[in-house]
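To start, the structure itself, in structure tokens.
Both counts, for ligands and for their atoms, begin at 1 and track the order of listing. No experiment lies behind these values; they were computed from the predicted model shown. Scope of the values below: all heavy atoms of this structure, side chains included, with no hydrogens, waters or symmetry mates.
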Amino acid sequence: MIGNELPALSIADLQLLLRRREISPREVINVLRERIEAVDGNLGAYVSLDVEAALKEAERANVDLALGGVPIAIKDIINVMGEPCTCASKILNGYRAPYDATVIQKLRAAGALPFGKTNLDEFAMGSSTENSALKSTRNPWDLSRVPGGSSGGSAAAVAADEAFGALGSDTGGSVRQPAALCGVVGLKPTYGRVSRFGLVAFASSLDQIGPVTKSVRDAALILNAIAGHDPQDSTSLNEPVPDYVAGLGNSLRGIRLGVPKEYLIEGIDPQVRAAIDAAVKQLNSLGAEMVEISLPSTEYAVAVYYIIATAEASANLARFDGVRYGYRAENPRDVLDLYGRTREEGFGPEVKRRIILGTYVLSSGYYDAYYLRAQKVCQLIRRDFTSAFEKVDALISPTSPVAAFKLRERVADPLQMYLADVFTIAANLAGICGISVPCGFAALDGHRLPIGLQLLGKPLDEARILQIAHAYEQSTDWHKARPAIASSLPKQ
Ligand code: GLN
């Protein structure tokens, strides 16, 4: 196997080589490092890379374990012991994680090698990775465009063969949307399926860690390793973990798929719409039955999300005060000055905007009008899904209304940016699971830009959406396309 081809392998294919002892985990790390050195200067997917630590771990890796010897890139909002965990924020400058998040412990127990921390929007707030205080990440399919966000570093790394698989976190779409924009698979598990212990909290009632991979099978492999109850996270579900790989080959005969009429709204790019229509036909030809359904409260999802998510964020981010972690303002006059200036200097504009909004909606006099009402609407959204799932096994929609947009195109207009997640946000509010799988390309300015198909499933029904996504993927060639990464950056 020549060095050039190896990084393009899926996890499942890499494992075949590792298990046949045709390559060692150390060699894998070295080949990956070379690939990262060759392309990441232009892409900016990684924010830190500890080659020494990975090589040391590779030495001991047991390749016969479920993910034995497989390097996995980690969004830099998940704690990996001894490594920086910046959350792409200046405020965590200098912080190193004193412990492993539960997902990292579980990956290690399955033999995987956490390798490299990936870029994100500061504290996972954003849809383009442009809110990172550290650097910008570019879309491997067109370097003048965003990779999506907030897990844009993870998605770009996997798409550009700089990682075999990665972890991201999804609060309103941050795994699925960048996966769609980069042409890879992104899975958001059911709320509570995967422990959040060691994931820096953004909106605790919505956050969920999920895999970003080159294939649906790889997503199932990672989910097998990271799912399950964790006594350290009281919201993690104490439910048995099925083997998510086992059911992948099952036929789609008898499966009922709901096409929500509210999801085919204006504002969808015609090329995205055409790709989704074609995917619906394809799934139909594989034996799935299509049913039109309605999710009437969907139109409120984005508004409700920005009340609940900002409210929770304002509380979660109170801990960054210059005393406990990372950055501290210099020469404070007194303790208030220390808190105030640390936060003023340490947080970026989007994070401040959300803290202000979140504090406002929780303040006395406004709590009932905004926060409480948002919680009630959230119940309506949940109810919509519950009744839809009485009629169908899963729902189908675009992941994002548009393909990757240009860098800086939406930065000046936060509302426009917020709309990037219209199709993904409701799943977090309802706590259900969702997956994005490549379903075509849009042609824009001479570039091919990936389009993602979203499948939403019932709570704890990851096996079902993985099965459907796998059947679809295997009947198409979209996932086989790789970006030809330009060797120089476009002029801005
Ligand atoms: N784009 C959404 C936001 O900015 C979702 C982010 C996420 O899922 N972490 O909040």
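- To the nearest 0.5 angstrom, Leu43 atom CG is 6.0 Å from Leu143 atom CG.
- Atom 7 (C) of ligand 1 has Ser174 OG, 2.4 Å as its closest protein atom, hydrogens excluded (heavy atom only).
- Ligand 1 has at least one atom lying under 4.0 Å from a heavy atom of Gly173.
- Lys188 and Asp170 are not joined by a salt bridge, as no carboxylate oxygen comes within less than 4.0 angstrom of a charged side-chain nitrogen.
- For ligand 1, the atoms lying closer than 4.0 Å to a non-hydrogen atom of Gly126 are 1 (N), 2 (C), 3 (C), 4 (O), 6 (C).
- The side-chain heavy atoms of Leu295 and Phe385, taken from C-beta on, include a pair separated by under 4.5 Å.
- When only interatomic distances are considered, the shortest N/O to N/O separation between Ser127 and ligand 1 falls below 3.5 Å.
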Where do Arg145 and Asp445 land on the salt bridge (charged side-chain N to carboxylate O under 4.0 Å, His left out) test, with the steps shown first?
CA-CA 11 Å; Arg145 292 177 186 267; Asp445 310 337; 2.8 Å; yes
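- The ligand atoms of ligand 1 that sit less than 4.0 angstrom from a heavy atom of Ala124 are 6 (C), 7 (C), 9 (N).
- Close approach of ligand 1 to Ser150 (heavy-atom distance below 4.0 Å) involves ligand atoms 9 (N).
- Both the sub-6.0 Å distance and the 45° axial angle are not jointly satisfied by Arg319 relative to the ring of Tyr325.
- Heavy-atom proximity to Tyr306, at under 4.0 Å, picks out these atoms of ligand 1: 2 (C), 3 (C), 4 (O), 10 (O).
- Within ligand 1, counting atoms from 1 as listed, the ones closer than 4.0 Å to a heavy atom of Arg354 are 3 (C), 4 (O), 10 (O).
- Nearest to atom 10 (O) of ligand 1 among the protein's heavy atoms is Tyr305 OH, 2.6 Å.
- Salt-bridge annotation for Lys352 and Glu344: present, with a side-chain N of the basic residue lying under 4.0 Å from a carboxylate O of the acidic one.
- The single protein non-hydrogen atom nearest to atom 1 (N) of ligand 1 is Asp421 OD2, 2.3 Å, given as residue, atom name and distance.
- Considering both main-chain and side-chain atoms, Gly149 never comes within under 3.5 Å of ligand 1 through any nitrogen or oxygen pair.
- Summarising the contacts of atom 8 (O) of ligand 1 with Gly172, Pro178, Ala203, the nearest heavy atom is found in Gly172.
- Between Arg482 and Asp161 there is a salt bridge, with a side-chain nitrogen of the basic residue lying less than 4.0 Å from a carboxylate oxygen of the acidic one.
- Atom numbering of ligand 1 starts at 1 in the shown order; those under 4.0 Å from a heavy atom of Phe202 are 9 (N), 10 (O).
- Of the possible donor and acceptor atoms, none in the side chain of Ser89 sits under 3.5 Å from a partner among the backbone N and O of Thr86.
- The residues Arg353 and Glu350 are annotated as salt-bridged, a charged nitrogen and a carboxylate oxygen being separated by less than 4.0 angstrom.
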